[in-house]
Amino acid sequence: MSTSQATNDIQGEISIHTENILPIIKKWLYSEHEIFVRELVSNAFDAIKKRQKIAVVDSIEAPVGRIELKIDEAAKTITISDNGLGMDSEEIQKYINQIAFSGAEDFVTKYQGKDKDDSSQIIGHFGLGFYSSFMVSDIVEITSLSYKQDAVAINWSCDGSTKFYLKETVKDTVGTDIVLHISEENGEYLHEARLTELVKRYANFLPVEILVNGKTVNDQNPLWIKQPNEVTDEEYLDFYQKLFPFSPPPLFWIHLNVDYPFNLKGILYFPKLLHELDSHKGQVKLFCQQVFVTENAKDIIPEFMTLLQGAVDCPDIPLNVSRSYLQNDPYVQKISKHIVKKIADKLNELYKKDKASYEKYWEDIHPFIKFGMMNNTEFYDKVKDCVIFKSSLGDSVSIPEYLERNKEKSENTVIYSTNKEQQATYISLCKDQGLEVIFLNAFIDTHFIQFLESKDSTIKYVSVDSSVSDHLVDKEKDSQIVDPADNKTENEKLETLFKTTLKNDALKIEVKSLKSDSLPAVVLQSEYSRRFKEMSAMMNRSAGVPAFDDFTLVINSSNPVVKNILKLNSELKTNDVELLCQYVYDLAMMSQKQLTGEQMQAFMARSNDVLKKLTEKL
Ligand code: ADP
């Protein structure tokens, strides 16, 4: 009993030996050595900002900020100098000697054993940034003169062990010089071109001049920090070129500018896509207070908006956690939600204020918008009324507009065509009766209308040649008069006639009066099987697709030819009737799909017969 109690009662602390920490940092914490540039330049920038802030409060002058990197190839050193607020001996001891180490302990106890890749971003957030310099250096020196009155310049140096040296020195100007004595294996950083590349990558948009060996290398114009109403279109376009050189101009953009309840700034561009599936285009660079963090901020951009390009600056984003955690982070979710809302707002604004441009952009962006709607309910709700389709009236139309325009003729039903050429006959039948048809072109559309129906079942979508809808049929015109001789209506007689002459059991035959009497017959297709076929085609599968049995031949009882056929039949001109019935069927099939070789031959033969009969009668 006493043993188990003893075991239960033991409490203790895991001891951490500080001597172990620098080797851990060097070996394991940083997967990318080059990050030291980002960390040291950000520290220099912070120091400059702090000095400027103090100057404002104390009403004194602060010099224009400036960061200089100098390479001494002979001495194998890189010196990073700033004219920020500097540090005195006490501050060096406090910030450099102590805090960092406690930060390191904190990190090690918290994250030891976690995924190596995820730890590469940890640095600045744990007060370890400065120590990244040891990844590339044998010795690091700090020479600093504080802005404070009567401050004494001091020199700190450390060889990466836990021992440091601190002494007074001479420095004329306020600020800090960090001297890195670059280690043998990190010689690449002593090349001006390489160092310049890194400064450009990480600090291009820091609003302070940065020089490498006397040459200014950064741009200093992070456009996103400006107020949107102060930025011209030209500036947005220029900025895009800086971020993505040699790209065609973007379509339009969204300027993100939020201070509260979270901090988010950035510009997102909708790029010009070269083709519908050019979706790998997207790349949103992530910055943290104008310091570059990563090439692609995938986690904060909604997944369906992979086409977006641009830059976002999220000072509060937790960079020190794994990606799966990041996606569930409430802050990241808020950002993502905000971006979704901004995209929706922008689309609505363009749609309402500049429809002509919107129609042009739509060509490029519609697959993404549709995909987004199918993936995100909030987005669907916000943009559903600005989804547009090309219309048979020549312009583009949204679904609410379509329903309004056609409410007299086609209540709550949207007539669409998936193939303008093949369905030309049906489209013109609709046009004849003043009915508008929308064109679905993209491969995503069959799926998309299915989705729209699932969202709002009060609106039906039917193909222009669909048998489920009566948009081509005029019910009132159909004669219901029964012939006392055989107790049948005209329509019933025609149906029997066509069934017996065509001798095709797989073909459904109906006799109806179409709204237009110009065609003797049309072939309609079931909505379900058409969609099924289209989706199979999209997925490149043709097996199991129903072929013929989903067609219905609709004989137009108001067409004069059909009326004549019935008359000839009553006069027992059997041969003529058979030829004409076949011929009507041929014509109807031709407007639905191309005839096979065999069908075409039969059609030619029948055409010759028809001509022969016609000429005989002349
Ligand atoms: P962090 O930047 O995350 O605070 P660092 O280890 O990079 O962690 O720096 C620790 C502290 O040392 C900074 O917060 C700052 O007070 C001080 N410091 C570092 N570099 C400079 C510099 N160039 N000028 C003035 N102070 C600095």
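Just so it is clear, the structure is predicted and the values come from calculations on it, not from any experiment.
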Is the closest side-chain heavy-atom distance between [X] and [Y] below 4.5 Å?
X: M305; Y: I339; answer: no
X: I343; Y: F270; answer: yes
X: S89; Y: V152; answer: no
X: Y269; Y: F239; answer: yes
X: L256; Y: K265; answer: no
X: W156; Y: S144; answer: no
X: L268; Y: K342; answer: no
X: H338; Y: V258; answer: yes

Subject >> Worked check of side chain to side chain contact (heavy atoms under 4.5 Å, CB included) between D88 and I154 >> reply: CA-CA 7 Å; D88 61 20; I154 35 108; 5.5 Å; no
How far does [atom1] of [X] sit from [atom2] of [Y], to the nearest 0.5 angstrom?
X: R66; Y: N83; atom1: CZ; atom2: CG; answer: 8.0 Å
X: I369; Y: Y361; atom1: CD1; atom2: OH; answer: 13.5 Å
X: I225; Y: Q289; atom1: CD1; atom2: CD; answer: 11.0 Å
X: C314; Y: I300; atom1: SG; atom2: CD1; answer: 3.5 Å
X: L211; Y: I67; atom1: CG; atom2: CD1; answer: 9.5 Å
X: I142; Y: I80; atom1: CD1; atom2: CD1; answer: 11.0 Å

Would you call the rings of [X] and [Y] parallel, tilted or perpendicular if under 30° counts as parallel and over 60° as perpendicular?
X: F36; Y: Y189; value: perpendicular
X: F134; Y: F130; value: perpendicular
X: F287; Y: W224; value: tilted

Within 45° cone and under 6.0 Å: [X] NZ/CZ vs [Y] ring:
X: K370; Y: F448; value: yes
X: K346; Y: F252; value: no
X: K352; Y: Y358; value: no

Testing the basics here: between [X] and [Y], what is the closest heavy-atom pair and its distance to 0.1 Å?
X: K163; Y: C158; result: O-SG, 3.4 Å
X: A153; Y: L145; result: N-CD1, 3.6 Å
X: E188; Y: R194; result: OE1-NE, 2.7 Å
X: P249; Y: L237; result: CB-CD2, 4.4 Å
X: Q227; Y: H255; result: C-CE1, 4.5 Å
X: S357; Y: D354; result: OG-OD2, 2.5 Å

Subject >> E90 and K148 ion-paired at < 4.0 Å >> reply: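 Result for this pair is no, no salt bridge flagged.
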Original post:
Are K341 and D345 ion-paired here, with the side-chain N under 4.0 Å from a carboxylate O?
Top reply: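 Yes, charged N to carboxylate O under 4.0 Å.
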Subject >> Identified side chain to side chain contact (heavy atoms under 4.5 Å, CB included) counterpart of V37 within the set L40, V41, I35 >> reply: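 The single option meeting the side chain to side chain contact (heavy atoms under 4.5 Å, CB included) with V37 is V41.
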Subject >> Steps toward side chain to side chain contact (heavy atoms under 4.5 Å, CB included) verdict (W253, D233) >> reply: CA-CA 10 Å; W253 47 86; D233 286 0; 3.6 Å; yes
Counting N and O atoms only, with roles assigned by atom type, does the side chain of [X] sit under 3.5 Å from a partner on the main chain of [Y], one being a donor and the other an acceptor?
X: E359; Y: A356; value: no
X: K76; Y: G187; value: no
X: N218; Y: I210; value: yes
X: D72; Y: T77; value: no
X: D364; Y: K272; value: no
X: D82; Y: G84; value: yes
X: Q241; Y: S247; value: yes
X: D177; Y: T79; value: no
X: S183; Y: V136; value: yes

[atom1] ([X]) with more than 12 external heavy atoms under 6.0 Å:
X: E349; atom1: CD; value: yes
X: E230; atom1: CD; value: yes
X: K53; atom1: NZ; value: no
X: D172; atom1: CG; value: no
X: Y165; atom1: OH; value: no
X: E185; atom1: CD; value: yes

Original post:
So which pairs with a foot in residues 375-387 pass salt bridge (Lys or Arg N to Asp or Glu O under 4.0 Å), sequence neighbours left out?
Top reply: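 Of all non-adjacent pairs touching residues 375-387, those that pass salt bridge (Lys or Arg N to Asp or Glu O under 4.0 Å) are K337-E378.
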Subject >> Stepwise side chain to side chain contact (heavy atoms under 4.5 Å, CB included) check, E168 with N155 >> reply: CA-CA 6 Å; E168 283 187 14; N155 174 274; over 6 Å; no
**OP:** Decide yes or no on ring-ring contact (aromatic ring centres under 6.0 Å, His included) for Y240 and Y236, but give the supporting numbers first.
**Re:** CA-CA 6 Å; Y240 179 75; Y236 282 119; over 10 Å; no
Original post:
Which residue, F368, F371, F379, forms the ring pair (Phe, Tyr, Trp, His ring centres under 6.0 Å) with F304?
Top reply: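 Single pass found, and it is F379.
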Original post:
Stepwise, does the side chain to side chain contact (heavy atoms under 4.5 Å, CB included) test hold for M87 with I96?
Top reply: CA-CA 10 Å; M87 285 179 278; I96 303 291; 4.3 Å; yes
Original post:
Mind checking what makes side chain to side chain donor-acceptor pair (under 3.5 Å) contact with N348, not counting sequence neighbours?
Top reply: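 Side chain to side chain donor-acceptor pair (under 3.5 Å) check on N348 returns nothing, list empty.
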Original post:
Going by atom types alone, do E141 and H181 pair a side-chain donor with an acceptor below 3.5 Å?
Top reply: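 The answer is yes; a qualifying pair exists.
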